[in-house]
> 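Below is one structure. I have some questions about it.
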Amino acid sequence: MNLIIIGPQGSGKGVYSRRLESKYGIKAISPGQLFREEFAKGSEIGKKANEYMTKGILVPLDITLKVILPVIKTTKGFVLDGFPRDLEQAKALDQELEKLGKKIDYVLFLEVPEDVLIKRLSTRTICPKCGEIFNTITLKPKVEGICDKCVAELIHREDDNPEAIKQRLKISRKETEPLIEYYNEKETLMRIDSDRPPEPVIKGIAERLGLE
Ligand code: AMP
């Protein structure tokens with residue numbers, strides 16, 4: 001099954017795409033993560049992408065496709081997290097998938113009220129080592145301040161403060177709206193109530209996708 005997961009920051013995209021991978025073997029593909037891996041390897045593509053990432057702007061489409069397409073080609077099912085970010089990327093993805101005889105089955109749109117997102121993001125901590133995400137409301141680590149997976153000390157992102165969060169949510173809403181419209185017209189959009197604890201959300205997703 002080929003999926004895209006979209007939604008504002010804090011809606012649980014990273015959490016649920018990782019869960020879909022670990023529980024159902026649907027490969028999670030995140031361009032941001034792939035770029036970081038390429039940069040860590042010291043590859044040319046990683047160095048190029050890093051020039052844009054450090055400025056906080058989107059990496060050009062041809063470079064982005066170069067990192068995600070090899071994974072899409074070699075995997076049976078995938079969930080894209082962080083791609084597409086705009087209509088140009090959505091259309092390019094459709095074209096590339098068509099060449100491969102593949103298509104997107106569903107687009108999961110995670111919906112959460114804004115006040116809940118602000119609360120979640122301002123209490124969010126991240127593992128600097130493995131990228132696992134926690135918050136002090138619905139996703140508490142077993143030991144406070146320590147990653148469940150790799151026992152590293154969790155950090156709080158500097159830009160996870162209410163003012164910066166509001167600004168990022170505004171930008172992300174503007175970014176997401178045309179994509180929602182695009183996939184709604186294609187009838188692949190699946191709205192998911194993500195204002196619940198993770199377990200019922202993942203169970204609901206799995207049921208609606210027929211995975212259980
Ligand atoms: P993220 O890990 O999603 O926070 O992304 C980190 C950085 O990777 C972004 O600031 C962009 O520079 C780049 N990036 C992530 N996703 C995309 C995308 N779909 N298209 C272009 N650049 C991206």
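Numbering of ligands and ligand atoms starts at 1, following listing order.
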> List in chain and number order the residues that pass side chain to side chain donor-acceptor pair (under 3.5 Å) with Glu207, two or more places apart in sequence or in another chain; answer none if no residue qualifies.
Lys203
> Sub-3.5 Å donor-acceptor pair from the side chain of Lys186 to the main-chain atoms of Ile104, do we have one?
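Not confirmed, Lys186 side chain does not pair with Ile104 backbone.
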> Is there a donor-acceptor pair closer than 3.5 Å between any side-chain N or O of Ser22 and the backbone N or O of Arg18?
yes
> Could you give the side-chain donor-acceptor pairs of residues 32-39 under 3.5 Å, partners two or more places apart or in another chain?
from, atom 1, to, atom 2, distance (Å)
Glu38, OE1, Ser43, OG, 2.6
Glu38, OE2, Lys41, NZ, 3.2

> Give a table of atom pairs where an N or O of ligand 1 lies under 3.5 Å from a protein N or O.
from, atom 1, to, atom 2, distance (Å)
ligand 1, 2 (O), Arg36, NH1, 3.1
ligand 1, 2 (O), Arg36, NH2, 2.9
ligand 1, 12 (O), Ile57, O, 2.6
ligand 1, 16 (N), Gly82, O, 3.4
ligand 1, 16 (N), Arg85, NH1, 3.3
ligand 1, 19 (N), Gly82, O, 2.8
ligand 1, 19 (N), Gln89, OE1, 3.1
ligand 1, 20 (N), Gln89, NE2, 2.9
ligand 1, 22 (N), Val59, N, 3.0

> With distance as the sole test, does Asp81 use its side chain to make a donor-acceptor pair with the main-chain N or O of Ile5 at under 3.5 Å?
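Looks like no, no N/O pair under 3.5 Å.
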> Show which side-chain atoms of residues 137-156 pair as donor or acceptor with protein atoms under 3.5 Å away, not counting sequence neighbours.
from, atom 1, to, atom 2, distance (Å)
Thr138, OG1, Asn135, ND2, 3.2
Asp148, OD1, Lys142, N, 2.8
Lys149, NZ, Glu132, OE1, 3.3
His156, ND1, Arg124, O, 3.0
His156, NE2, Asp160, O, 3.3

